[in-house]
2 protein chains.
Amino acid sequence: MKILQKKKRAHYLQAYPVAHLFSFDIEESIQVHEYDRGEWIIKEGQPPDYLFYLIEGKAKIYITHQNGKVSLLNFINEADYIGEMELLHEGYYSKGIQTTTKTICFAIPFRNWREKLLADVKFLRHLSIQLSDKATHMSMKYSQSLAFPLENRLADFILQTADNDLYKEKHVTVCDFLGVSYRHLLHVLAQFCDKGFLKKEGHAYKISDKSAIEELAGMLRNG
Amino acid sequence: MKILQKKKRAHYLQAYPVAHLFSFDIEESIQVHEYDRGEWIIKEGQPPDYLFYLIEGKAKIYITHQNGKVSLLNFINEADYIGEMELLHEGYYSKGIQTTTKTICFAIPFRNWREKLLADVKFLRHLSIQLSDKATHMSMKYSQSLAFPLENRLADFILQTADNDLYKEKHVTVCDFLGVSYRHLLHVLAQFCDKGFLKKEGHAYKISDKSAIEELAGMLRNG
DNA sequence: GTTATAATATGAGAAATCTCATATTTCTAC
DNA sequence: GTAGAAATATGAGATTTCTCATATTATAAC
């Protein structure tokens with residue numbers, strides 16, 4: 001990790017203005033952190049000293065269970081906060097946050113700013129909306145994971161991530177994200193190929209019967 | 001549902017003061033709603049017109065999936081908000097909220113108060129903490145449900161709900177909550193009895209080997 | 001470049017969990 | 001208090017998903 005200074009710092013602060021997120025002027029106190037691909041922004045169990053705001057790049061939230069299984073809880077993208085749980089709750093058990101690409105974050109030190117942030121309407125309103133999205137999203141994932149077999153959840157994931165009808169996510173990542181074994185994921189992908197829904201092309205899969213995949217994924221929707 | 005008036009209304013407003021939750025005086029606008037056991041405070045898919053604050057009683061959050069399965073997402077207790085998702089997001093798909101006991105809620109109409117609430121520091125701070133708890137809680141449930149078999153999750157649930165080492169929750173509710181079939185739940189309970197962890201007493205179960213149950217439940221903890 | 005590490009791939013058997021069928025008991029509404 | 005609905009209970013067989021073993025590629029580090 002590198003803390004950017006001077007010109008580089010100024011560049012990012014100008015390119016991604018955040019004044020609208022706060023009622024007060026915080027620019028002076030914002031650090032700009034740059035992480036290489038694969039670096040950990042937060043190590044599991046080690047609470048950070050900063051509230052981060054991701055401006056460029058992508059990251060993943062991981063938690064490790066006692067039985068050795070690892071869950072990929074969610075992806076983090078531009079304009080997402082990191083460390084907001086630790087801001088709100090001292091003693092919170094921090095999840096691990098790992099970048100997937102080179103990533104730039106704004107970092108606001110808790111030390112001087114926690115109280116001011118927690119008393120700022122603009123910030124809190126924005127944060128509340130983000131937290132409610134997060135809670136809703138996790139609730140949906142939870143109930144869907146219990147109500148539907150992998151077939152449906154994978155179909156949904158394929159549609160969400162396919163680029164131009166070509167699905168090419170890493171199997172290992174997908175296992176952690178959907179919470180199934182590598183073996184089973186491959187098994188269901190093979191089934192999709194057998195049924196003619198997908199066609200394997202090297203390490204990627206071409207969607208060959210989109211409506212069939214959409215029907216499986218559609219089962220997750222309610223209402 | 002009954003909207004309480006005059007003496008009854010005044011009684012609850014006095015018994016459960018909420019002035020500390022808001023920066024402005026909202027008492028005049030608060031309605032006091034009384035629900036019988038089993039009534040729906042919010043029907044699934046039908047967004048409410050009020051932000052509720054539960055002051056007496058208990059309720060459950062349900063969602064129904066297309067395949068007919070029903071998930072009990074969580075329990076709602078005293079001092080929890082209801083309808084806060086709808087406050088933050090117009091167009092949110094409302095989950096069903098059903099009372100388990102006679103329940104009293106304060107009800108604040110969105111119509112006149114949405115904007116004021118969303119501009120109030122005290123309210124937003126309190127709400128943010130509640131939402132972050134909710135998000136964290138759902139994340140944990142989600143990842144645990146994928147990482148551990150029912151054995152461990154049930155052990156945890158038994159410890160959380162047992163009263164004086166006696167577990168007597170309704171099986172049907174527990175199935176919806178833990179997301180497993182009735183058949184399987186009974187199967188694992190029977191296993192616990194076989195192993196001497198529980199002893200069946202009528203329709204309840206006495207914890208006869210607490211440390212065994214605690215060990216199973218302890219697997220869920222991380223860190 | 002080479003070597004270690006990570007990712008892909010597949011088989012076989014076992015465990016977890018589900019569906020369906022069916023019976024009995026307990027609640028609840030009238 | 002009685003009928004209908006909800007909850008409990010159990011068996012048998014089918015699916016879903018996991019574990020483990022083992023091979024082959026691809027990627028990253030020196």
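Just so we're on the same page: letters track the sequence lines, and every chain starts at 1. Quick caveat: nothing in here was measured; it's all calculated off a predicted structure.
Nearest-nucleotide positions on DNA chain C for R37(B) and V172(A) put V172(A) closer to the 5' end. DNA chain D is contacted by both K170(A) and R183(B); R183(B) maps to the nucleotide lying nearer its 5′ end (nearest heavy atom per residue). Residue A190(A) is the one, among Q191(B) and A190(A), whose nearest nucleotide of DNA chain C lies closer to the 5' end (criterion: closest heavy atom).
Protein atom CD of E201(A) is 18 Å distant from nucleotide atom C1' of dA9(C), rounded to whole Å. Between the CZ atom of F148(A) and the C1' atom of dC18(C) there is a distance of 14 Å, given to the nearest Å. Residue L178(B) contributes atom CG, which lies 16 Å from atom P of dA16(C) at whole-angstrom precision. A straight line from CG of L154(A) to C1' of dT16(D) spans 14 Å, rounded to a whole angstrom. For the pair F192(A) CZ and dT16(D) P, the interatomic distance rounds to 11 Å; values are reported in whole Å. One interatomic measurement links the two molecules: CD of E151(A) to P of dT17(C), which rounds to 19 Å at whole-angstrom precision. Rounded to whole Å, the distance from NE2 on H187(A) to P on dT15(D) is 12 Å. When the C1' atom of dT19(C) is taken as reference, atom CG of L186(B) falls 15 Å away, rounded to whole Å.
Nearest nucleotide to the side chain of Y182(B), out of dT10(D), dA16(C), dA9(C): dT10(D). Of the candidates dT10(D), dT19(D), dT28(C), the closest approach to any side-chain atom of S181(A) belongs to dT19(D). When each of dA28(D), dA9(D), dA26(D) is scored by its nearest atom to the side-chain atoms of H203(B), the top-ranked nucleotide is dA9(D).
Within the nucleic acid shown, G38(B) has no heavy atom closer than 4.0 Å to any nucleic acid atom. As judged by a 4.0 angstrom heavy-atom cut-off over every strand, G179(B) is placed among residues touching the sugar-phosphate backbone only. Here H184(A) lies in heavy-atom contact (under 4.0 Å) with a base.
Aromatic ring pairs are classed by plane angle as parallel below 30°, tilted from 30° to 60° and perpendicular above 60°; the pair Y167(A) and F157(A) is perpendicular. Between H187(A) and H184(A), the angle of the ring planes lies from 30° to 60°, which puts this pair in the tilted group.
A cation-pi arrangement is present between K141(B) and F177(B) under the rule of less than 6.0 angstrom and at most 45 degrees off the ring axis.
Between K69(A) and dT19(D), a side-chain N or O to OP1/OP2 separation shorter than 4.0 Å is present. Residue H171(B) places at least one side-chain N or O closer than 4.0 Å to OP1 or OP2 of dA9(D).
With no hydrogens or angles considered, a side-chain donor-acceptor pair links S94(A) and E86(A) at under 3.5 Å.
H33(B) and Y50(B) have their aromatic ring centers within a separation under 6.0 angstrom.
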